[in-house]
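Contents: one structure, followed by commentary.
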Amino acid sequence: MAKVMMKGNEAMGLAAIKGGCRAFFGYPITPQNEIPEYLARVMPEYGGVFLQAESEVAAINMIYGASGAGVRSMTSSSSPGIALKQEGITYIAGAELPCVIINVMRGGPGLGGIQPSQADYKQVTRGGGNGDYYLLAFAPENLQETVNIVKEAFDLAEIYRNPVMIAVDGLIGQMMEPVDVDMEIPKREIPEKTWATTGTLGKRERNVVNSLYLDPQALENHSLKLKAKYDLMREKEQRYELVNVDHSEIVIVAYGTMARICRSAMEILNEKGINVGLLRPISIYPFPEKAFAELPSTVKGLLTCELSTGQMIDDVKIANNGKLPIGFFGRTGGMLPEPEEIVDAVIKMIGGMKNE
Amino acid sequence: MSNVLFKRTEALTSKEFSYCPGCTHGIIHRIVAEVLEELNILDRTIGVSPVGCAVMNYEYFNCDMQQASHGRAPAVATGIKRVLPNNIVFTYQGDGDLASIGTAEIVHAAHRSENITVIFVNNAIYGMTGGQMAPTTLVGQKTTTSPTGRDPRHSGYPIKISEMLATIPGATYIERVSVHNPQNVRKAKQAVKRAFEMQIQGKGFSMVEFVSTCPVNWGKTPQDALNWLVDNMIPYYPLGVYRQPEAGEKNE
Amino acid sequence: MNSEKINCAGFGGQGVMLIGQLLAYAANEEGFNTLWYPSYGPETRGGTANCSVTISKQPVNSPVISKADSIIIMNKPSLDKFEDKVRPDGKIFINSTLVNKKVNRSDVEVFYIPVNDMAAELGNPKVANLIMLGAYLESTKLFEDEVIIKLLKKSFGENKAHLIPINQQALQAGRIFIRQ
């Protein structure tokens, strides 16, 4: 199918429907409002449920109920709203329910601002709520990648029985790009939802959706079961792109909109005769540690670039394991750097390494 | 020829209750369970457990259950009912859960007239956490966090949930009951039955509030607790129907 | 054309977002890669609004435009904000009805187009943005009017189909102004 121009938020809404989502519960917050607005219009055409909840807290708990009843469910919000949803998210992870959460990130802390940001990286990649759990989390860079991942997210959520978060910065939600929402995604075997509470109809044992384990041994066993899932994710779901890393002394590590800005910086650097590579995490949990092992020995340093004061850099340090020097460039609060700022950071880093 | 005079309801599992001696949760569970069985809806019912003393009642009701976070049972029930409109969905919540942390969720579930049934057990105290003051704690009542008795100048007056929800246009059926004697137990069961019938008929939000005891945290014997309920709780929380559809019509 | 980067700025309600969107939609129709992104939030409601459009044969990388090839300026505050954001030898299109100031730079090509006056002459003040778009398209030779009209027909639907001719006239008026 030909690509059509869509706004990021609307494209994510349509992608959710194409991914089988039939229940959406949300609450207004900028810059993600076009997702609920779009689904309020379109979801009824697909026979699905759209409901604006009284709060983010209520919305995520409605997701718990609907997902527990076996229906592909999604909520969306932006940073402060995602903070409010953490209660429900940890329950959903604990009860091993699938669901998809879109986080169109804005600047923080507190009420912060409404411009694009990646300052929720740690909240997204460390679970966010209480307890020993993680979300499967993706951070795509353009709309085609975003819609493909939103569609896949519903399959992955059911395969792992775990919430999947798509974390994009506000720009991806607000921008328009040509996109094909019907592009094929990998076919996966989806397990039957034998656990869903749909009424026994006298045909099966009753199902219970629950995250309470008062016996510590039972809770430890449950946590170890969850950990095994996260280990499996780390083995199977690491996603990344390596660009031009051969013959590059410096490799930039960046994701989302920041990665796109870095790509433009790489072109400018290339014109100046400086070869720079890009390691772009697409999954941020699991963090693509495998990508670092693929870097050739010619790489002499890593430059982490983020729309924050430095959050992913900790994962870069873990993955790098002390091997290479790591530099950092960040803008935050909703400020977007121009490619030239990255160019300067790269040149400065090369200069610093030569002086050592 | 022998007649069966009493048998355990199918709607309860064989799991033993974890409630304290003299607590009225047991009777209330029985009432709800018997109604689910008598209305022949058990196999399409999904219950939602609260946080509080009844947190583990997903082990007691013999139907599909979801356990919700504190106060959010009406939101969870909304999620279930919206995607499974032909199923029967109920929540079972205490006064800390419903009248304190979950006021937003209960008010808006009633406001949207979600076609669910809420069983609200009000014993004027936080039981499971050890007897702290609840929004429903009576004036002068001593709890671990109102050690000299609830002072309305400090903590406000006890909140009357049934009266409050009855002001909401979307609330279809609201009744307050008690189970302190057999006569009231029978009345309470009628109320619960009516509430579930409202849901079966698609009439919208129904809630039955039980004024209830907590002998352990009130520091009373079960009988003294029931007497205290009659003398103190019921005068402040009068029993009766607070809202119902007129002549079988859906509430406007 | 290999690539074109445009900033478009003005008051909320002047249709600056639409100018950018039409360019992006047209680019997609014509098989280019493109990316449109708006300023968003309170500033778009009554304050200044702007959007960035990149049109390219190559995949679009940075959505952030450091130096635009062209800027479209619909009011005075936007000129102050964006004058330095156009590259040397780039183009500035100015709504001279509302901007009574001249551009300070001498290394750019400037077009002063009284689009509000021209729209009033056409009998519909709302088409000032389409006059500006016509002028821009004439100068850059980016797209034919037919592409824009096709997009407008799709977006207007039957209810607003009667507005197509005035929009067509507006695009033409912009082109004629540049030709003269």
Side-chain angles (χ1 to χ4, degrees), chain A residues 21-25 27 43 47-73 75 84-92 94-95 97 99 129-130 195-214, chain B residues 10-13 15 18 36 40-51 55-89 91 101-112 114 116 128:
Chain A
C21 176
R22 290 297 178 268
F24 179 91
F25 303 94
Y27 186 79
M43 188 62 102
V49 170
F50 169 88
L51 185 65
Q52 181 170 319
E54 63 269 31
S55 67
E56 284 94 346
V57 178
I60 192 71
N61 283 289
M62 290 173 187
I63 293 288
Y64 180 95
S67 172
V71 172
R72 289 193 163 188
S73 310
T75 187
L84 281 166
K85 286 184 196 290
Q86 294 303 339
E87 169 197 281
I89 295 173
T90 172
Y91 270 68
I92 290 168
L97 295 177
C99 78
N130 60 302
W195 43 264
T197 58
T198 51
T200 64
L201 300 177
K203 288 177 184 160
R204 58 158 169 79
E205 291 296 301
R206 65 198 199 90
N207 283 333
V208 174
V209 169
N210 175 41
S211 67
L212 178 68
Y213 295 84
L214 284 177
Chain B
E10 290 286 316
L12 288 175
T13 64
K15 181 93 179 173
S18 56
L36 292 177
N40 199 24
I41 51 175
L42 184 64
D43 65 356
R44 60 181 174 116
T45 293
I46 301 146
V48 183
S49 309
V51 169
V55 63
M56 299 224 298
N57 71 8
Y58 56 81
E59 294 195 346
Y60 309 145
F61 288 110
N62 194 13
C63 57
D64 279 0
M65 296 292 293
Q66 294 197 16
Q67 197 287 318
S69 56
H70 204 18
R72 318 299 177 216
V76 171
T78 297
I80 301 169
K81 187 73 181 189
R82 291 282 176 143
V83 299
L84 299 175
N86 298 321
N87 286 64
I88 301 299
V89 180
T91 72
I101 195 169
T103 44
E105 285 75 14
I106 194 66
V107 164
H108 285 273
H111 160 70
R112 291 187 303 263
E114 292 295 340
I116 60 171
M128 190 176 71

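- Ranked by heavy-atom pairs under 4.5 Å with chain A, the list B:N62, B:I88, B:T45 is led by B:N62.
- Proximity to chain B (any heavy atom under 4.5 Å) is shown, for A:L201, by both the backbone and the side chain.
- Residues A:A58 and B:A75 share a closest heavy-atom pair of O-CB, 3.6 Å.
- The side-chain contact (heavy atoms from CB on, under 4.5 Å) check on B:T103 picks up nothing, with sequence neighbours excluded.
- Neither the backbone nor the side chain of A:A95 comes within contact range of chain B; no heavy atoms are under 4.5 Å apart.
- At a 4.5 Å heavy-atom cutoff, B:V48 makes no contact with chain A through either its backbone or its side chain.
- Here the side chains of A:E87 and B:R72 are in contact, with some heavy-atom distance below 4.5 Å.
- With a 4.5 Å cut-off on non-hydrogen atoms, A:V49 touches chain B through its side chain but not through its backbone.
- For A:T90, no part lies near chain B; criterion is any non-hydrogen pair under 4.5 Å.
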(message) B:R112 vs A:L51, test: side chain to side chain contact (heavy atoms under 4.5 Å, CB included). Steps then yes/no.
(response) CA-CA 10 Å; B:R112 291 187 303 263; A:L51 185 65; 4.0 Å; yes
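- Of all heavy-atom pairs between A:G65 and B:I80, the closest is O-CG1, 3.3 Å.
- Listed for the A:Y91 side chain is no donor-acceptor partner under 3.5 Å among the backbone atoms of B:Q67.
- Atom CD1 of B:I46 sits about 9.5 Å away from atom OG1 of A:T200, to the nearest 0.5 Å.
- At a 4.5 Å heavy-atom cutoff, the contact between B:E114 and chain A is made by side-chain atoms alone.
- Here B:R82 is the residue among B:R44, B:H111, B:R82, B:M56 with the most heavy-atom pairs under 4.5 Å with chain A.
- Contact of B:H70 with chain A is made through the backbone alone, with heavy-atom distances under 4.5 Å.
- Between the A:N207 side chain and the B:D64 main chain, no donor and acceptor come within less than 3.5 Å of each other.
- Atom CG of B:L84 sits about 7.0 Å away from atom OG1 of A:T197, to the nearest 0.5 Å.
- Summarising the local packing, CZ of A:F50 is surrounded by more than 12 heavy atoms from other residues, nucleotides or ligands at distances under 6.0 Å.
- Atom CD of residue A:Q52 and atom NE2 of residue B:H108 lie 11.0 Å apart, to the nearest 0.5 angstrom.
- Listed by chain and number, the residues in a salt bridge (charged side-chain N to carboxylate O under 4.0 Å, His left out) with A:R72 are A:D155, A:E158 (sequence neighbours excluded).
- In this structure, the side chain of A:R206 engages the main chain of B:Y58 through a donor-acceptor pair within 3.5 Å.
- A side-chain contact (heavy atoms from CB on, under 4.5 Å) with B:S69 is found for one member of A:V57, A:N61, A:I60 and no other, namely A:N61.
- The minimum heavy-atom distance linking B:V83 with A:A66 is given by the pair CG1-CB, 3.8 Å.
- Heavy atoms closer than 4.5 Å to chain A are found in the side chain of B:T13, but not in its backbone.
- The two atoms that bring A:S55 and B:E105 nearest to each other are OG-OE2, 4.3 Å, heavy atoms only.
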